[in-house]
Amino acid sequence: MSSADVESWNQVPLAPPDSIFKLTAAYKADTFPQKVNLGVGAYRDDDNKPWVLPVVKKATELLLNDPTLDHEYLPITGLPEFTSAAAKLILGVDSPALKQGRAVSVQTISGTGANHLAALFLARFYNFNGQKQIYLSDPTWANHHAIFKNVGIDPVNYSYYDPRTIGLDFSGFLSALRSAPARSVFLLHACAHNPTGVDPTPEQWDEIAAVMTERAHYAFFDCAYQGFASGDLDKDAAAVRKFVQKGVPLLLCQSFAKNAGLYGERVGALHVVAPTKDAADRVKSQLSVLQRSEISNPPSHGARLVALILNDPGLFEEWKRDIKTMAHRIIDMRQKLYDTLTKELKTPGNWDHILNQIGMFSFTGINPSQSKAIVEKAHIYLTVNGRISMAGLNSHNLRYFAESLDKAVRGTLDETVMKGAL
């Protein structure tokens, strides 16, 4: 065999690094003492440390001391005690879909895996009206685009964020729903929209559900922040439950990375609400086939932790308290940032959106050049679109960030001034 016959992979293009992970790497390499990381979507306590939930520590101890624990394969569709409890958590214990046996639940590799498995299932079996495409909010989680493209479904943007109000473009949203071909698939963020933090009101969700029913659209819900958004598990699940109650056809991707702090354990689930139990059985059979070829069996440790927490009344109540601790700290940071900008610094512009937005992320409304200046001159790491992770703010760095943001807005941000403030 000649050297010409050996595969060199020279034709493989070098892919750019993921923007969020690139931002985190730059933050870690920065030696500036007041550096701040507002890019990554992971909770931090007031000392900027990862927080292992007390209830997770307790559940871990229970697992470690369980003499019946083994490391055998889980079923292809996951740990039944986990998937059934996860379905009740998001759909509600009194959900008609659960009572009628119409809900299919499969354990996945966190929310990303749920999105992928759902996308793959739709690519194989959904009766698209024309070409295979899915409507994604503009903007949305960056990974959504790659996930759907990888299975041959073309992403199409629909109006969502209005930069003029730093809020929801509701009329544009409804217009997209009405103008899209019947039976179109729309990806909806169940709560705490990523990356904007802008959610529809309960009344707006009613209108969205009505138009989707009228147009026979399919709802692809992505729920990564149940409980983490408001501190109330039921409140954050209201949109999903409303759609089920109104009979809107849907599936739901669920993650326990944020609300249980299990980022590295990759605990998630895909729930498909079918019109009948017979249809649900057929859907589950095909999801099992797809899952087998993808991962064979999901991992057990994180699912066992969440199953313990969800099925034990005492642990469940403790978990709800832990969720409130995280959610309320973020809400408190929003209030303090707003107060600092408006009452103390008198920063130009309207900053009501800091309070009106919800969840881990906030769109500040600053432009790319201002974002770049904050990163390069103040060593505060945020994405170029002005999105910040509220979880990265704390009592130690909030003032520094607020002053840097104020100066960026005024156009007076200067590295020598920032260093001189040390």
Side-chain angles (χ1 to χ4, degrees), residues 52-53 55-91 93 95 97-98 101-122 124-125 147 150-151 221-224 226-227 233 251-274 277 279-313 315-316 319:
V52 180
L53 275 60
V55 72
V56 169
K57 290 183 178 179
K58 190 173 290 186
T60 300
E61 283 296 319
L62 290 172
L63 280 183
L64 289 174
N65 292 294
D66 183 354
T68 67
L69 187 69
D70 57 43
H71 296 285
E72 295 295 299
Y73 290 122
L74 292 185
I76 294 172
T77 55
L79 185 71
E81 305 95 292
F82 163 71
T83 52
S84 61
K88 292 175 185 175
L89 182 75
I90 185 63
L91 298 176
V93 292
S95 172
L98 292 176
R102 298 187 288 110
V104 177
S105 300
V106 177
Q107 183 185 335
T108 59
I109 308 297
S110 202
T112 304
N115 273 265
H116 171 68
L117 184 60
L120 188 60
F121 177 77
L122 291 181
R124 296 284 183 88
F125 297 106
I147 287 169
N150 282 347
V151 298
F221 272 106
D222 193 358
C223 183
Q226 185 185 1
L233 288 162
L251 61 78
L252 169 77
C253 301
Q254 182 183 31
S255 168
F256 289 90
K258 309 296 193 301
N259 59 15
L262 294 172
Y263 303 96
E265 300 300 340
R266 316 309 292 143
V267 189
L270 167 63
H271 309 282
V272 181
V273 177
K277 185 181 184 306
D281 291 340
R282 285 183 274 112
V283 168
K284 187 169 186 177
S285 72
Q286 292 297 339
L287 287 174
S288 181
V289 170
L290 294 175
Q291 176 104 308
R292 175 70 169 126
S293 67
E294 293 276 315
I295 63 170
S296 283
N297 316 79
S300 62
H301 180 65
R304 284 173 172 153
L305 287 174
V306 175
L308 270 176
I309 293 168
L310 295 183
N311 291 305
D312 182 284
L315 293 178
F316 185 66
W319 181 48

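Between Val306 and Trp319 there is no side-chain heavy-atom pair separated by less than 4.5 Å. The side-chain heavy atoms of Leu287 and Gln291, taken from C-beta on, include no pair separated by under 4.5 Å. Looking at Thr83 and Thr77, their side chains never come closer than 4.5 Å, going by heavy atoms from C-beta outward.
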Open item on the list: Working note: Val93 + Leu98, criterion side-chain contact (heavy atoms from CB on, under 4.5 Å); need CA distance, chi angles, decisive distance, verdict.
Closed with: CA-CA 8 Å; Val93 292; Leu98 292 176; over 6 Å; no
Open item on the list: Under the criterion side-chain contact (heavy atoms from CB on, under 4.5 Å), I'd like the reasoning laid out for Leu122 against Leu251: C-alpha separation, chi angles, the key distance, then a yes or no.
Closed with: CA-CA 10 Å; Leu122 291 181; Leu251 61 78; 4.2 Å; yes
Task: Chi angles and distances behind the side-chain contact (heavy atoms from CB on, under 4.5 Å) call for Val151, His116 - done: CA-CA 8 Å; Val151 298; His116 171 68; 4.0 Å; yes
Side-chain donor-acceptor distances from residues 257-269 under 3.5 Å, at least two apart:
residue	atom	partner	partner atom	Å
Asn259	ND2	Gln226	O	2.9
Tyr263	OH	Tyr43	N	2.8
Arg266	NH1	Ser110	OG	3.4
Arg266	NH1	Tyr263	O	3.1

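When each of Leu310, Leu62, Val56, Leu305 is tested with Leu315 by the rule side chain to side chain contact (heavy atoms under 4.5 Å, CB included), just one qualifies, namely Leu62.
Residue pairs that meet the salt bridge (Lys or Arg N to Asp or Glu O under 4.0 Å) test with at least one member in residues 288-307, sequence neighbours left out, are Asp70-Arg304.
In this structure a side-chain-to-backbone donor-acceptor pair under 3.5 Å is missing from Asp312 to Leu308. Formation of a donor-acceptor pair under 3.5 Å by the Asn115 side chain with backbone atoms of Ile147 is not found in this model.
Not a single side chain to side chain donor-acceptor pair (under 3.5 Å) links Gln107 to another residue, sequence neighbours left out. In this structure Ser285 satisfies the side chain to side chain contact (heavy atoms under 4.5 Å, CB included) test with no other residue, sequence neighbours excluded. Listed by chain and number, the residues in a side chain to side chain donor-acceptor pair (under 3.5 Å) with His271 are Ser105, Gln254 (sequence neighbours excluded). Remark: Phe121 engages Phe125 in a ring pair (Phe, Tyr, Trp, His ring centres under 6.0 Å) (not counting sequence neighbours).
Pairing each heavy atom of Leu270 with each of Cys253, the nearest pair is CD1-SG, 4.2 Å. In this structure, Asn297 and Pro75 approach most closely via the heavy-atom pair ND2-C, 4.1 Å.
Phe256 and Phe82 have perpendicular rings, their planes meeting at more than 60° on a 0 to 90° scale where under 30° would count as parallel.
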